[in-house]
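What follows is a set of notes on a single structure, which appears directly below.
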2 protein chains.
Amino acid sequence: MEVQARVGAHLQRRGLRWSSTRDAVVSAFLASPHHVTVDELLARARRREPGVGHATVYRTLRLLEEIGVALSHRFGDGPTRYEPAAGVPHHDHLVCTACGRVVEFVEPGIERLQEEVSRAAGYVVHAHRLEIHGRCPECRRGAREVTA
Amino acid sequence: MEVQARVGAHLQRRGLRWSSTRDAVVSAFLASPHHVTVDELLARARRREPGVGHATVYRTLRLLEEIGVALSHRFGDGPTRYEPAAGVPHHDHLVCTACGRVVEFVEPGIERLQEEVSRAAGYVVHAHRLEIHGRCPECRRGAREVTA
DNA sequence: GTCGCTGCAAAACGTTTGCATTTAG
DNA sequence: CTAAATGCAAACGTTTTGCAGCGAC
């Protein structure tokens, strides 16, 4: 597993350890769809390691972010959501304001213009984040309610 | 004052009232720089009406957002920040990851591409939000620390 | 045997809400 | 007089932290 190896290398380099709990959380993360919440991850990790506490999930996710394997987003209100950063090309998000569904998209032109703007302002870019909020096609017909 | 009139009209239309506390908060908001926090607003409002509670600031800000006079942003971690929505053209934000400074910019090409992406996906856009995170020119030279 | 990791509970944080009271209309 | 608005404190949901014990190396 590519990602596991990458995580392992970082842990070793920093004198950190590989535990079965950590393995359960990382595996849960890798097996999850994009934009999972900590609670969803906790439930999945507990299927393998029933005693996992939620603090551990938070701590592990922070580690994965530092390593560059996970990305976090806060769409609208609720809890922070996580997605893989490794092996997944950069993309932006379309968020439905009615049902909460999130769609990913890539628009090279936008990426390029962002680079230009940043360069012109003299910034060294670390990250960027674009969210478009609107009603998705399904929610435009019929009174579907908020689900996610 | 244009904005005050707009707020007044909405209040009347909805059977809401214009109190001196509300006036203090709205004035504080209008007199503040962009991207103020609730705490900053509270401090400023208290200069005129010392007893204001923070719940009132939150409630008033929510009202201003509903009316379309204020916009909220959550850059990175901290508290929600507010800026005027009326009379200020749409813009995006460059956030310095070192000092927290926020610069506004407009890039019509990005706006246009966002519209195209949304239309292609069948979404009806309500809002969009683009943040670019990086080191600002000042923070690139010298080890300036996080301030905001 | 070290020192990092863990679960738990408690704290922290920003925000919202319930309620008794005040106040605008 | 009615109902909206207020301040306070308590509640909320999410995330972080302190700590004593456990477990990897």
Side-chain angles (χ1 to χ4, degrees), chain A residues 4 7-29 35-43 45-46 48-67 70-82 100 146 148, chain B residues 4 7-29 35-43 45-46 48-67 70 72-82 100 148:
Chain A
Q4 310 265 13
V7 175
H10 276 262
L11 294 179
Q12 205 160 341
R13 196 174 313 150
R14 299 215 247 149
L16 306 179
R17 294 166 187 174
W18 183 255
S19 67
S20 62
T21 310
R22 199 161 268 178
D23 185 43
V25 175
V26 173
S27 300
F29 173 67
H35 315 131
V36 279
T37 62
V38 164
D39 280 351
E40 288 158 6
L41 234 31
L42 182 62
R46 278 182 172 160
R48 189 196 296 186
E49 292 277 330
V52 183
H54 74 175
T56 298
V57 178
Y58 280 107
R59 289 190 272 234
T60 305
L61 250 5
R62 192 196 303 162
L63 186 65
L64 293 183
E65 274 204 89
E66 287 167 16
I67 291 177
L71 283 178
S72 64
H73 296 278
R74 281 179 356 197
F75 302 122
D77 271 4
T80 302
R81 290 170 179 277
Y82 297 86
V146 174
Chain B
Q4 310 264 13
V7 174
H10 275 262
L11 294 180
Q12 205 160 343
R13 195 174 314 149
R14 300 214 245 149
L16 307 179
R17 295 167 187 176
W18 183 255
S19 68
S20 61
T21 310
R22 199 161 269 179
D23 185 42
V25 176
V26 172
S27 301
F29 173 66
H35 316 130
V36 278
T37 62
V38 164
D39 280 351
E40 289 158 6
L41 235 30
L42 182 62
R46 278 181 172 162
R48 190 197 294 185
E49 293 277 330
V52 183
H54 74 174
T56 299
V57 178
Y58 279 107
R59 289 190 271 234
T60 306
L61 250 5
R62 191 196 301 162
L63 185 65
L64 293 183
E65 275 204 88
E66 287 167 16
I67 290 176
S72 64
H73 295 279
R74 282 181 353 200
F75 302 122
D77 271 5
T80 302
R81 291 171 178 276
Y82 297 86

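Hydrogens, waters and symmetry mates are skipped; everything else that's a heavy atom, side chains included, is used. Throughout, a chain's letter reflects where its sequence line sits, starting with A, and its residues are numbered from 1. Predicted model only: the values in this text are computed from it and were never measured.
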[X] and [Y]: which non-hydrogen atoms are nearest, and at how many Å?
X	Y	value
B/Leu42	B/Val52	CD1-O, 3.7 Å
A/Ser72	A/Glu65	OG-OE1, 3.1 Å
A/Arg81	A/His35	NH1-O, 2.8 Å
A/Ala28	A/Ala45	CB-N, 3.9 Å

(request) Calculate, to the nearest 0.5 Å, the distance between atoms CG and CG belonging to B/Leu11 and B/Leu63 respectively. (result)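 Reported value, rounded in 0.5 Å steps: 5.5 Å.
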
(request) Supply the atom-to-atom distance A/Leu41 CG to A/Thr56 OG1, rounded to the nearest 0.5 angstrom. (result)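 Going from the CG atom of A/Leu41 to the OG1 atom of A/Thr56 covers 12.0 Å.
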
Please report, to 0.1 Å, the donor-acceptor pairs under 3.5 Å made by any side chain of residues 18-27 of chain A, with sequence neighbours excluded.
residue : atom : partner : partner atom : Å
A/Ser19 : OG   : A/Arg22 : N            : 3.0
A/Arg22 : NH1  : A/Arg17 : O            : 2.8
A/Asp23 : OD2  : A/Arg48 : NH1          : 2.9
A/Ser27 : OG   : A/Asp23 : O            : 2.8
A/Ser27 : OG   : A/Arg48 : NH2          : 3.3

[X] [atom1] to [N] [atom2], straight-line distance once rounded to whole Å:
X	N	atom1	atom2	answer
B/Glu49	D/dA5	CD	C1'	13 Å
A/Tyr82	D/dT14	OH	P	12 Å
B/Leu63	D/dA5	CG	C1'	11 Å
B/His54	D/dA9	NE2	P	10 Å
B/Tyr58	D/dA9	OH	P	16 Å
B/Asp23	D/dA5	CG	P	14 Å

(message) On DNA chain D, does the nearest nucleotide to B/Thr21 precede the nearest nucleotide to A/Val38 from the 5' side, or the other way round? Give the residue.
(response) B/Thr21

(request) Output the single nucleotide from D/dC8, D/dT16, D/dG18 whose closest atom is nearest the side chain of A/Arg59. (result)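 Side chain of A/Arg59 sits closest to D/dG18.
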
(message) Need two values: the first and the last nucleotide of DNA chain C, 5' to 3', having an atom under 4.0 Å from any heavy-atom of chain B.
(response)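 Range of nucleotides within reach of chain B: C/dG14 to C/dG25.
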
(request) Could you say whether B/Thr80 or A/Val57 is positioned toward the 5' end of DNA chain C, judged by the nucleotide with the nearest heavy atom to each? (result) A/Val57

(request) Name the residue closer to the 5' end of DNA chain C, choosing between B/Gly78 and A/Val52 according to the nucleotide with the nearest heavy atom. (result)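 Whichever sits nearer the 5' end wins; that is A/Val52.
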
(request) Could you check whether the rings of A/His54 and A/Tyr58 sit parallel, tilted or perpendicular, using 30° and 60° as the cut-offs? (result)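 Judged by the thresholds at 30° and 60°, the geometry between A/His54 and A/Tyr58 is perpendicular.
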
(message) Below 4.0 angstrom, which residues in residues 11-20 of chain A have at least one non-hydrogen atom near DNA chain C?
(response)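 By residue number: A/Gly15, A/Leu16, A/Arg17, A/Ser19.
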
(message) Check this for me: A/Gln12, atom CD, are more than 12 non-hydrogen atoms of other residues, nucleotides or ligands nearer than 6.0 Å?
(response) no

(message) Need one value for B/Arg62: base, sugar-phosphate or nothing, where a base atom within 4.0 Å counts as base even if backbone is also close, heavy atoms only.
(response) sugar-phosphate

